[in-house]
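Quick notes on the structure that follows.
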Amino acid sequence: NGAVELFYDDSKKFETTSTGAQVSSSGDPVFTITGSGHAQLNLTNTSGSDHCSINFGDSSDADAGEIRYTNSSNTLHFDTNGTGPRLSIDSSGHILIPNDSGKLKFGTGADLQIYHTGSHSYIDENGTGILAIRTNGTEIAITTVSGESMGRFINNGAVELFYDNSKKLETTSSGITVTGSVTETSD
């Protein structure tokens, strides 16, 4: 009914406690799993609790980071500073950023950013180059969520612009076609 302690060179490295086990080191602690096949570390919760987690931090901030699996939603969460998930991956493989000010940032200087402000969604290209949207498919279509056409960019073909799902302007091999009236204004 007591602790088990393991020492190396007269320095305690491992001990059991009433809540589990603790690895100690005066330097950088290392926990190594080796095997000739697939080496794995399994975290299994047998108490009926909904999640298992790995926590990161130091003695002054034990809640600096956490990787947590929630069984009921089958979701892997990445948390920082004890504030809940900053990024989650759900069972369908969707990556979720549950924070309206959170951004996906790409590149050394975060040159490409994709984010939502709570009111609007943005794709920002802040680098020195261009933002290129490319396809090997038949077209690039810009539509509303309900499926109304706003613009179509057809590979090796026309560009079509719509107003309220009605085509108004189309490029052709000989120029442009306009449906409806053309209004000219001066500066």
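Computed from a prediction, not measured in an experiment: that's the story for all the values here.
L104 is listed as a side-chain neighbour of F106, based on a closest heavy-atom distance under 4.5 Å. Put simply, the side chain of T177 does not reach to within 4.5 Å of the side chain of L169, judged on heavy atoms. Taking 4.5 Å as the limit, some side-chain heavy atom of T75 sits within range of a side-chain heavy atom of H77. For the pair F153/I142, a side-chain contact is recorded, criterion being any heavy-atom separation below 4.5 Å from C-beta on.
Among residues two or more places apart in sequence or in another chain, the side-chain contact (heavy atoms from CB on, under 4.5 Å) test is passed with S92 by D90, H94. Residues passing the salt bridge (Lys or Arg N to Asp or Glu O under 4.0 Å) test with E160 are R152, K167, sequence neighbours excluded. Taking T143 as the reference, nothing meets the side chain to side chain donor-acceptor pair (under 3.5 Å) condition, with sequence neighbours excluded. Among residues two or more places apart in sequence or in another chain, the side-chain contact (heavy atoms from CB on, under 4.5 Å) test is passed with A110 by K105, Q113. When the side-chain contact (heavy atoms from CB on, under 4.5 Å) test is applied to Y163, the partners found at least two apart in sequence or on another chain are K168. Under the side-chain contact (heavy atoms from CB on, under 4.5 Å) criterion, S146 pairs with T144, E148, not counting sequence neighbours. The side chain to side chain donor-acceptor pair (under 3.5 Å) search around N71 returns none, not counting sequence neighbours. Residues forming a salt bridge (Lys or Arg N to Asp or Glu O under 4.0 Å) with R68 (at least two apart in sequence, or on another chain): E66, D79. By the side chain to side chain donor-acceptor pair (under 3.5 Å) test, S149 pairs with no residue at all, sequence neighbours left out.
Closest non-hydrogen pair, P98 versus P85, comes out as CG-O, 3.4 Å.
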Please tabulate, one pair per line, all N/O donor-acceptor pairs under 3.5 Å involving side-chain atoms of residues 118-131, not counting sequence neighbours.
residue	atom	partner	partner atom	Å
S121	OG	H116	ND1	2.9
D124	OD2	Y115	OH	2.6
E125	OE2	G127	N	3.0

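A donor and an acceptor atom, one from each side chain of N99 and S101, are located under 3.5 Å apart.
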Let's go through T138 and I154 carefully: what are the C-alpha distance in whole Å and the side-chain angles of both, what is the deciding distance for side chain to side chain contact (heavy atoms under 4.5 Å, CB included) to 0.1 Å, and is it a yes or a no? CA-CA 6 Å; T138 58; I154 300 165; 5.9 Å; no

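Clustering ILVMFWY residues whenever any of their side-chain heavy atoms sit less than 4.5 angstrom apart, transitively, puts I176 in the very cluster that holds V182. By the criterion of side-chain heavy atoms lying less than 4.5 angstrom apart, applied directly or through intervening Ile, Leu, Val, Met, Phe, Trp or Tyr residues, V4 is not grouped with Y8; the two fall into different hydrophobic clusters.
The closest donor-acceptor contact from the side chain of T17 to the backbone of G20 lies under 3.5 Å.
Atom SG of C52 and atom CG of L76 lie 11.5 Å apart (nearest 0.5 Å). Distance CG/L87 to CG/L96: 7.5 Å, rounded to 0.5 Å. Going from atom OG1 of T171 over to atom CG of L161 covers 8.5 Å, rounded to the nearest 0.5 Å. Interatomic distance, CD1 of I54 versus OH of Y69, reported as 14.0 Å (0.5 Å rounding). The OG1 atom of T16 sits 10.5 Å away from atom CD of Q22, with the distance rounded to the nearest 0.5 Å. Distance CD/E184 to OG/S186: 8.0 Å, rounded to 0.5 Å.
Listed by first and then second residue, the salt bridge (Lys or Arg N to Asp or Glu O under 4.0 Å) pairs that reach into residues 174-183 come to none, sequence neighbours excluded. For residues 166-187, there are no ring-ring contact (aromatic ring centres under 6.0 Å, His included) pairs, not counting sequence neighbours.
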